[in-house]
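Report on one structure; see the data block that follows.
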Amino acid sequence: MKVMIVGGVAGGATAAARIRRLDEQAEIVVFERSGFVSYANCGLPYYIGDTIVDPEELTLQTPESFFSRFRVTMKVRHEVTALHPESHSVSVKNLETGEEFEEQYDKLILAPGAKPVQPKLPGTGIDKLFTLRTVEDTFHIKEYIRQNHPKSAVLAGGGFIGLELAENLRELGMEVTIVQRPKQLMNPFDPDMAAFIHNEVRRHGIKLALGHTVEGFALKDGGVDVILKEAAPLHADMVALAIGVVPDTGLAKDAGLTLGIKDSIVVNERMETSAPDIYAVGDAVQVKHYVTGQDALISLAGPANKQGRIAADNICGGDSRYQGSQGSSIIKIFDMTAATTGINEINGKKAGYDVDKVVLSPMSHAGYYPGGKIMTMKVVFEKGTYRLLGAQIIGYEGVDKRIDVLATAIHTGMKATELKDLDLAYAPPYSSAKDPVNMAGFMVENLSQGVLKQFHLEAVEGLLHDGKVNLLDLRTEEEYRYGHVDGFVNIPVDELRERLDEIEKDKPVYVMCQSGLRSYIGLRILTGCGYDVYNFSGGFRFYDAVVNDRCLIESSTACGMDQ
């Protein structure tokens with residue numbers, strides 16, 4: 001059996017190694033148009049920023065090492081130019097010699113990945129404009145920085161690559177600005193959670209120009225002007241485009257394979273395409289979202305590697321099936337970690353779910369053990385059924401393990417109320433006896449039993465103008481003086497029982513504290529005394545971060561830059 005693979009990075013390299021482990025006699029040939037195979041896309045920005053110093057660390061394997069261990073022929077700098085499903089062959093061009101030839105296969109795996117979005121705008125061909133996808137792109141950017149010592153950079157796009165590149169350029173001492181049309185970075189997060197990402201980025205000196213449309217680029221004064229719609233241009237010594245990726249599926253389209261979202265390749269659970277004996281994996285394929293069951297594009301390394309293994313199993317006579325992508329992801333943002341899994345609140349509503357949520361701010365480990373840091377968690381679930389839909393966590397220590405617990409809970413079909421029952425490891429340096437994941441479960445259980453009623457940030461503005469409600473801030477007087485929501489009256493929770501006569505009993509009571517814990521205690525006190533009480537989800541800390549961020553974004557939209 002001869003197996004041919006187009007693309008030798010994540011899914012393609014995994015498939016090649018798996019086929020060899022299952023079939024020692026198979027002939028395996030991989031065509032990769034770049035000069036590198038099995039490289040770590042996610043590590044490319046960190047080489048630019050000198051976190052990774054040795055360029056050899058970017059490649060997990062070389063063509064030589066792959067052949068030595070697996071007897072897989074890796075032909076780099078070879079581009080497959082056409083597929084011929086009817087004759088089980090492909091056309092190939094050697095990019096170094098110009099030679100063109102055809103090669104036969106018994107089974108074919110397409111793993112071309114995705115390519116950076118290249119907008120058709122004036123000036124996209126100038127030499128100070130970069131994209132980052134391959135190792136060669138990385139070396140190109142690194143060499144430009146070494147030779148020209150740029151002092152400033154503008155990044156168009158604020159997704160994973162854009163944000164990681166921004167951090168690494170900033171670590172090199174550059175002035176960095178991120179500009180993009182959406183009014184938030186990192187769209188997998190809801191805007192309220194993205195506020196914490198924005199705050200961390202700004203804290204490290206990166207400027208944000210959110211809500212702006214880029215209309216072109218022009219060389220000026222030895223640098224580049226990024227031309228914005230209805231705003232002054234942004235000027236920098238270099239510009240990087242990181243406005244997203246699209247499936248690189250020209251070959252599949254020309255060959256008549258069935259295509260889906262954004263011309264992605266449609267595959268079944270076995271990773272089979274519409275053409276006999278042709279499989280496809282990775283960023284180029286359309287998948288089912290594990291939570292919603294809807295068609296989706298999810299460009300992440302984990303799913304690509306799993307899909308490569310599944311295609312290999314099936315080529316070798318197995319029956320492996322891909323269950324869908326959940327979108328679990330994590331990113332380092334300077335000192336902070338941001339992670340998400342499942343769907344966020346916005347996408348849950350778009351998918352037709354009756355969405356509810358809890359927001360909490362637990363410590364990363366026991367408060368009495370030194371070094372604990374606050375994290376912000378948002379857990380999204382379906383009203384009534386309490387089915388877990390997604391979670392977002394932003395913080396410092398312990399974010400990674402909590403998001404993985406929640407990802408596992410979603411995958412196994414747990415209800416949000418059942419999070420309270422998870423038996424999670426505890427020692428003071430690592431967690432609390434009631435882990436943050438358990439705490440989220442306790443909160444949802446309280447909601448399900450009517451022990452807790454809550455209100456959210458989007459309701460605050462209306463409540464401030466209602467006139468028929470009690471608005472209470474239950475923090476200390478000092479905390480209240482430091483900052484509060486105008487209209488909320490301060491009664492510290494420890495004085496609440498003695499000051500009930502200050503609260504009108506015929507009006508509902510809306511309570512707030514710093515994180516939501518003391519106000520929940522106040523809610524139980526007031527409920528026990530006959531009041532109708534609602535607790536603010538997330539606390540003043542959450543409110544303050546989100547509202548301040550929105551103000552900065554609006555000022556950015558008005559003048560072109562965060563103040």
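Just so it is clear, the structure is predicted and the values come from calculations on it, not from any experiment.
One distance of note links OG1 of T417 with CG of L388; it measures 8.5 Å at 0.5 Å rounding. With values rounded to the nearest 0.5 angstrom, C513 atom SG is found 6.5 Å from N535 atom CG. Distance CG/D192 to CD/E458: 8.0 Å, rounded to 0.5 Å.
Residues satisfying the ring pair (Phe, Tyr, Trp, His ring centres under 6.0 Å) test with Y47, not counting sequence neighbours, are F139. Partners of V355 by side chain to side chain contact (heavy atoms under 4.5 Å, CB included), not counting sequence neighbours, listed by chain and number: E345, K349, Y353, V380, L389.
Because its NZ or CZ atom is both nearer than 6.0 Å to the ring centre of F540 and within 45° of the ring axis, R475 counts as a cation-pi partner of that residue.
The number of heavy-atom neighbours closer than 6.0 Å to CD of E478, taken from other residues, nucleotides and ligands shown, is 12 or below. Residue Y426 places its OH atom among more than 12 non-hydrogen atoms of other residues, nucleotides or ligands, all under 6.0 Å distant. Atom CG of D423 is surrounded by 12 or fewer heavy atoms from other residues, nucleotides or ligands within 6.0 Å. Remark: Y430 OH is loosely packed, at most 12 non-hydrogen atoms of other residues, nucleotides or ligands lying under 6.0 Å away.
Between A416 and F381 the shortest heavy-atom distance is CB-CB, 3.9 Å. Considering all non-hydrogen atoms of both residues, F488 and L472 come closest at CD2-O, 3.4 Å. Pairing each heavy atom of Q286 with each of V266, the nearest pair is NE2-CG2, 4.1 Å.
Under the 3.5 Å distance criterion, the side-chain polar atoms of N344 are matched with a main-chain donor or acceptor of P188.
Looking at R387 and E382, no side-chain N of the basic residue comes within less than 4.0 Å of a carboxylate O on the acidic one, giving no salt bridge.
Sorted by first then second residue, the ring pair (Phe, Tyr, Trp, His ring centres under 6.0 Å) pairs that include residues 498-522, not counting sequence neighbours, are F455-Y510, Y510-Y534.
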